[in-house]
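Here the structure is a predicted model, which means the values were calculated and not measured. Values below: every heavy atom of this structure, side chains too, minus hydrogens, waters and symmetry copies.
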Amino acid sequence: MIFNKIKFGYKEKIYTLILTLLLFLVINFSRLNIGTYNLEWYFVELSKYFNNKNYFFDIFLFKQNQANTTFYSFILSFFNYSEDLYYQNIILFRIFNFVPFTILFLYIYKNINLDFEKKSILLLLILFCPIITVYSFRIYPDFLSASFSWLSLILLINKNKNLSIIFFSISFLIKPVSIILSPLFIFITNDLYKNERKNVILKFIFFNIVSYILYLLLVEKIIFGSYYETTYLKINPLNIFLNFFYYYNYSILLILPVISYLFFENLKKKITYNIFLVIFASTLLSTVLFYFSFKNGEMNYGYINKLLKNNIFLFILVFINTFLSIIFFNISIKSKKTKKPFLYFLISILFLAILISRPTQRYLIYLLPLLFIIVIEHYYYKKILLRISIVFYMIIFSLITFGQKLIQEKYYKSADKIIIFIDDNKLFDNTNPGEIYHSHGYLFKKFLNFEIKKKKQLNYRYKIDNCYTNENIIIKKNINILNRNFKNICLVEKY
């Protein structure tokens, strides 16, 4: 990077920001065109209901497979003006997710007292983080909500408290999980608004609660479907303990390429902690995390889990992750520059672990920017090393996200071929979508109406499964990556 060798005016900084975002969109352009994946279509279908109250996919049906609020779909309904433009609308929805994020960084570049290079590095750390890259292109509320919540915090820091509270309320309506940033909101208020902190915090609480209750009473009327009520709203001390370590470990995994130098530097110095105790603690925690993390929620390594079929290699990865997480804790807690924000980060993770019993990687989108700021502070006097680490980070995670995109594209193309066959032979009403429900479920209206909405089980002549049997297979599609079979999809005749 040569940012420090060039004197940037405000216009040049904005041009740099826009060019960086455009470059990111160009690199990931094919993600805009991939069909819906992992229940994205739920938000699209519900947006149609807000424009046509007679549409079969209503709020009740939505809540059977979603713990999210309907506010995101309500926003999308303003753009979903024609069912004939389904794929064009999908692209538009994905681009729309970047609007608040762009406004956020425009505001940061203009109003926040941080040198230009640090702002640019923060932008790169966010954009090339795997879970942010993936979910920023999904028709999900998480990225949009996180952008609004961070815009709220930046406005609060810049003494614009009323607008900050409004933006946080929007974030909360889109995705209530954003409340995990409320401790950070309170800490900032306590530091910057000492004479009026009580009023600001009370106004924050009041505005968020009232706006959510009004939306719930006037529009949504249902908080959770029965499944999610029992899955998410459980307070279990063991779960809280495990979830805290899941989230912390996973967070450190997402910054490993950029902080690798810090570990080597720390090991060169006189070690002030017992390395054997760290190894013992890492082994113990790794065993617990390895046993539970791939069975509870979505705290796993995604497609890498399936590629690393050997459990020994997977355990080694978990152990390295845990060992370095403990080292990073030691480094961050001892540094005067990072101790306070790092404690804020840990408190926010604990708050998340307490609030939601089922851990999910994408919730970390809200907390990662704070972790990235901590990383940048660690490299405060080592700018050259930071630049090298950033390049390493971008290369490693670009390869990982490319692998994820490749699998998603291959899966969708394979599923599409089966859908074409079903459509040509008019089999939708007599087929259980099974394996492709998460990507193409919106096409199976009979299944949605009876199995999901009315909870009535019907007998279907055909089913789409993972080819666990070789009998009565009509179509079989293999998804192979690096000459290894990743997944199979089959249309099977049951009788």
Of the options [options], which is the one that meets [X] in a ring-ring contact (aromatic ring centres under 6.0 Å, His included)?
| X | options | value |
| --- | --- | --- |
| Phe185 | Tyr344, Trp150, Phe204 | Phe204 |
| Trp41 | Phe62, Phe444, Tyr437 | Tyr437 |
| Tyr37 | Tyr411, Tyr412, Phe137, Tyr140 | Tyr411 |
| Phe143 | Phe101, Phe96, Tyr135 | Phe101 |

Has the side chain of [X] got a donor or acceptor atom that lies under 3.5 Å from a matching backbone atom of [Y]?
| X | Y | value |
| --- | --- | --- |
| Thr102 | Phe98 | yes |
| Asn52 | Lys48 | no |
| Lys119 | Ile108 | yes |
| Ser398 | Ile395 | no |
| Thr133 | Leu127 | yes |
| Ser145 | Asp142 | no |
| Asn432 | Gly434 | yes |
| Ser169 | Ile165 | yes |
| Gln64 | Phe60 | yes |

What is the distance from atom [atom1] of [X] to atom [atom2] of [Y], rounded to the nearest 0.5 Å?
| X | Y | atom1 | atom2 | value |
| --- | --- | --- | --- | --- |
| Glu45 | Leu448 | CD | CG | 8.0 Å |
| Asp429 | Lys446 | CG | NZ | 5.5 Å |
| Ile180 | Ile354 | CD1 | CD1 | 12.0 Å |
| Thr431 | Ile422 | OG1 | CD1 | 4.5 Å |
| Ile34 | Ile90 | CD1 | CD1 | 11.0 Å |
| Lys63 | Ile59 | NZ | CD1 | 8.0 Å |

Shortest non-hydrogen separation from [X] to [Y] and the atoms involved:
| X | Y | value |
| --- | --- | --- |
| Lys405 | Ile27 | NZ-O, 4.2 Å |
| Glu220 | Thr70 | OE1-N, 2.6 Å |
| Ile436 | Ala415 | CG2-CB, 3.8 Å |
| Leu289 | Leu242 | CD2-O, 4.4 Å |

* To do: Indicate the ring-plane relationship of Tyr393 and Phe397, choosing parallel, tilted or perpendicular according to the 30° and 60° boundaries.
  => perpendicular
* Do the ring planes of Phe447 and Tyr460 sit parallel (below 30°), tilted (30 to 60°) or perpendicular (above 60°)? ->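 It falls in the tilted class, 30° to 60°.
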* **Of Asn97, Ile91, Val99, the residue whose pairing with Ile95 passes side-chain contact (heavy atoms from CB on, under 4.5 Å)** => Ile91
* To do: Going by the side-chain contact (heavy atoms from CB on, under 4.5 Å) test, name the single residue among Ile473, Asp465, Asn478, Ile479 that passes it with Asn488.
  =>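 Among Ile473, Asp465, Asn478, Ile479, the one that satisfies the side-chain contact (heavy atoms from CB on, under 4.5 Å) with Asn488 is Asn478.
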If we count only N and O atoms by modelled type, under 3.5 Å, do the side chains of [X] and [Y] hold a donor and an acceptor together?
| X | Y | answer |
| --- | --- | --- |
| Lys454 | Asn449 | no |
| Thr36 | Tyr42 | no |
| Ser171 | Ser178 | yes |
| Tyr49 | Ser77 | no |

A side-chain contact here means heavy atoms from C-beta on lying under 4.5 Å apart; do [X] and [Y] qualify?
| X | Y | value |
| --- | --- | --- |
| Phe43 | Leu39 | no |
| Ile139 | Leu76 | yes |
| Leu155 | Tyr107 | yes |
| Asn243 | Leu352 | no |
| Ile419 | Phe428 | yes |
| Ile347 | Leu350 | no |
| Thr69 | Pro176 | yes |
| Leu427 | Phe421 | yes |

* So is Lys159 actually on top of Tyr193's ring, under 6.0 Å and inside 45° of the axis? ->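 The answer is yes, since Lys159 meets both limits relative to Tyr193.
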* To do: Write out all pairs satisfying salt bridge (Lys or Arg N to Asp or Glu O under 4.0 Å) with one or both partners inside residues 88-97, taking only residues at least two apart or from two chains.
  => Glu40-Arg94
Does the separation of the ring centres of [X] and [Y] fall below 6.0 angstrom?
| X | Y | result |
| --- | --- | --- |
| Tyr250 | Tyr246 | no |
| Phe172 | Phe168 | no |
| Phe351 | Tyr247 | no |

* Asked: When you look at Tyr366 and Ser348, which way does the side chain to side chain contact (heavy atoms under 4.5 Å, CB included) test go after all the steps?
  -> CA-CA 10 Å; Tyr366 294 90; Ser348 297; over 6 Å; no
If you draw a 6.0 Å radius around [atom1] in [X], do more than 12 non-hydrogen atoms from other residues or ligands fall strictly inside?
| X | atom1 | result |
| --- | --- | --- |
| Lys456 | NZ | no |
| Lys221 | NZ | yes |
| Phe402 | CZ | no |

* Could you tell me which residues satisfy salt bridge (charged side-chain N to carboxylate O under 4.0 Å, His left out) with Lys161, sequence neighbours excluded, listed by chain and number? =>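 In terms of salt bridge (charged side-chain N to carboxylate O under 4.0 Å, His left out), with neighbours along the sequence ignored, Lys161 is linked to Glu196.
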* Apply side-chain hydrogen bond (donor to acceptor under 3.5 Å, both in side chains) to the pair Lys203 and Asn162, showing each step before the final yes or no. => CA-CA 9 Å; Lys203 191 184 290 185; Asn162 292 329; 3.1 Å; yes
* **Candidate pair Ser251 and Leu367, rule side chain to side chain contact (heavy atoms under 4.5 Å, CB included), full reasoning** => CA-CA 9 Å; Ser251 300; Leu367 302 177; over 6 Å; no
* Which is it for Ile390 and Phe128 under the side chain to side chain contact (heavy atoms under 4.5 Å, CB included) test, yes or no, and what are the steps along the way? -> CA-CA 10 Å; Ile390 286 293; Phe128 284 87; over 6 Å; no
* To do: Apply side chain to side chain contact (heavy atoms under 4.5 Å, CB included) to Ile126 and Leu368, showing your working.
  => CA-CA 8 Å; Ile126 290 172; Leu368 284 172; over 6 Å; no
